[in-house]
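Because the structure is predicted, anything quoted here is derived from the model rather than measured. Position 1 is the first residue of the sequence; numbering continues from there.
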Amino acid sequence: MQEIPEQVWYQGHWLGLLLVPLGWIYCGIARLRRQLYRRGWLISYSAPVPVIVVGNLTVGGTGKTPLVLWLAGYLAERGYRPGIALRGYGRQPLDPVEEQPSQAGRALDQPRLVPINGDATEFGDEAVLLARRAGCPVMVGRDRVAVAHALTEQGGCDLVITDDGLQHYRLRRQLEILVVDGERRFGNRRCLPAGPLREPVSRSQQVDLMIAHGGTARDALRMHLEPAEAVNLVDPSRRRPLADFAGQRIIAVAGIGNPQRFFAMLRRLGLDIVPRPYPDHHRYRAADLECWARDTVLMTEKDAVKCLGFAGSTHWYVPVTAVPGSAFVRGLGEGLMQRFETAVDETKNEDR
């Protein structure tokens with residue numbers, strides 16, 4: 001089933017033509033909704049501090065979360081106290097009998113601070129990953145406006161970064177950063193379900209910065225992901241260069257928006273892998289390990305936070321770091337950030 005959207009959205013499968021009318025309806029609703037917010041007919045709310053939205057137009061992974069990590073570090077170096085807000089996808093634990101969202105999952109509708117050792121089934125895989133690495137408060141909740149307020153009032157943040165939320169117009173923002181898959185771009189350029197788009201392609205012309213992850217696009221700034229040494233899930237003090245895994249059979253596990261990108265990275269590094277793709281935000285169980293046999297396993301960090309409870313000594317994850325190009329850093333620091341700093345000053349003056 002996972003292959004069908006890939007074929008329809010990116011490989012020109014004939015089924016996409018049958019879905020075109022539904023895509024027109026989806027795009028029309030998305031346009032109308034944005035206009036209603038822009039004209040004030042639907043109410044949007046300001047956070048107590050300025051907001052940066054890092055989002056995408058397509059379904060699936062583009063590299064938002066690594067860029068959010070980089071952005072949090074960049075802003076902290078400039079003297080800000082950033083906080084990260086996100087919904088926490090995949091965070092509702094299921095009742096083991098009824099296979100329905102448990103009471104604990106429903107309780108997370110309220111803003112919750114994600115601890116460094118948080119449970120991914122409770123807070124979401126991306127939220128726990130960010131809490132472990134960002135070095136700043138991370139909060140989850142369905143209402144991003146409430147989360148932004150909580151980060152300010154409880155977390156002492158003077159700036160909020162939202163991981164995803166480009167289409168969440170209820171929360172006003174001072175800066176929009178669009179992350180694009182530089183290789184797959186916008187697919188067949190159609191809206192759901194005929195294509196991968198959440199909004200029309202024209203929306204990409206209305207953001208403040210657009211950055212492409214990989215590829216050779218000339219209409220966007222560039223970034224790439226740099227892999228670090230593999231980290232053992234059982235004993236995080238054990239680290240190995242990826243080159244050490246050459247010459248052996250590797251099970252490559254990826255339950256992310258675009259698993260093939262992770263597999264391609266490992267192959268470029270000369271590793272002999274057996275790919276095991278899973279759906280994005282897949283909830284791993286101990287039974288999944290039976291499919292991995294006793295071989296060495298390399299997985300993404302997003303998958304690792306969900307496998308800690310039943311991992312073995314042969315299971316490793318590969319952390320990645322976003323490396324934006326100098327043009328993006330320059331545009332962020334010299335141009336748009338000047339406007340953002342003005343918004344910070346205005347907010348501080350209102351408080352006096």
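- Annotation: cation-pi geometry satisfied between R240 and W316 (NZ/CZ under 6.0 angstrom from ring centroid, within 45° of ring axis).
- Using a distance-only test at 3.5 Å, with no hydrogens or angles considered, a donor-acceptor pair links the side chain of R81 to the main chain of G156.
- In the hydrophobic clustering of ILVMFWY residues, with side-chain heavy atoms under 4.5 Å counting as a link, V68 and L225 come out together.
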* Stepwise salt bridge (charged side-chain N to carboxylate O under 4.0 Å, His left out) test for K64 and E126 -> CA-CA 10 Å; K64 296 187 312 298; E126 291 169 349; 5.4 Å; no
* To do: Starting from the C-alpha separation in whole Å, work towards a yes-or-no answer on side chain to side chain donor-acceptor pair (under 3.5 Å) for D181 and T62.
  => CA-CA 5 Å; D181 186 323; T62 57; over 6 Å; no
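- The hydrophobic clustering, which links ILVMFWY residues whose side-chain heavy atoms are closer than 4.5 Å, places Y37 and V53 apart.
- Between the side chain of K302 and the backbone N or O of I256, no donor-acceptor pair lies under 3.5 Å.
- In terms of hydrophobic clustering, with Ile, Leu, Val, Met, Phe, Trp and Tyr side chains grouped at heavy-atom distances under 4.5 Å, V20 and V59 are assigned to different clusters.
- Although no hydrogens or angles enter the test, the distance criterion places no donor-acceptor pair under 3.5 Å between the side chain of D164 and the main chain of H168.
- Judged by distance alone, the side chain of R132 and the main-chain N or O of A127 form no donor-acceptor pair under 3.5 Å.
- Listed by first then second residue, pairs satisfying side-chain hydrogen bond (donor to acceptor under 3.5 Å, both in side chains) with a partner in residues 15-34 read R34-Y169, R34-Q206, not counting sequence neighbours.
- Note on V179 and V323: separate hydrophobic clusters, where clusters join Ile, Leu, Val, Met, Phe, Trp and Tyr whose side-chain heavy atoms are under 4.5 Å apart, directly or indirectly.
- A salt bridge does not link R238 to E229: none of the charged nitrogens lies less than 4.0 Å from a carboxylate oxygen.
- Annotation: side-chain hydrogen bond (donor to acceptor under 3.5 Å, both in side chains) contacts involving residues 262-272, sequence neighbours excluded, are absent.
- At distances below 3.5 Å, at least one donor-acceptor pair connects side-chain atoms of N188 with backbone N or O atoms of A194.
- Of the two cysteines examined, C136 and C157, the SG atoms fail the criterion of being under 2.5 Å apart.
- Checked against a 6.0 Å centroid threshold, the rings of Y278 and Y284 count as neighbours.
- Residues L192 and L19 have side chains not in contact (no heavy-atom distance under 4.5 Å, counting atoms from C-beta outward).
- Between the side chain of R173 and the backbone N or O of G165, at least one donor-acceptor pair lies under 3.5 Å.
- A side-chain N or O of S44 and one of R172 form a donor-acceptor pair less than 3.5 Å apart.
- One N or O on the side chain of Q167 and one on the backbone of N56 form a donor-acceptor pair closer than 3.5 Å.
- Q174 places a side-chain N or O within donor-acceptor distance of the main-chain N or O of V51, the cut-off being under 3.5 Å.
- No side-chain donor from either of N232 and H315 sits under 3.5 Å from a side-chain acceptor of the other.
- Applying the side-chain contact (heavy atoms from CB on, under 4.5 Å) rule to R294 yields no partners; only residues at least two apart in sequence or on another chain are considered.
- With hydrogens and angles disregarded, a donor-acceptor distance shorter than 3.5 Å links the side chain of D208 to the backbone of E176.
- Screening L209, L71, L221, V329 for a side chain to side chain contact (heavy atoms under 4.5 Å, CB included) with P324, the sole residue that qualifies is V329.
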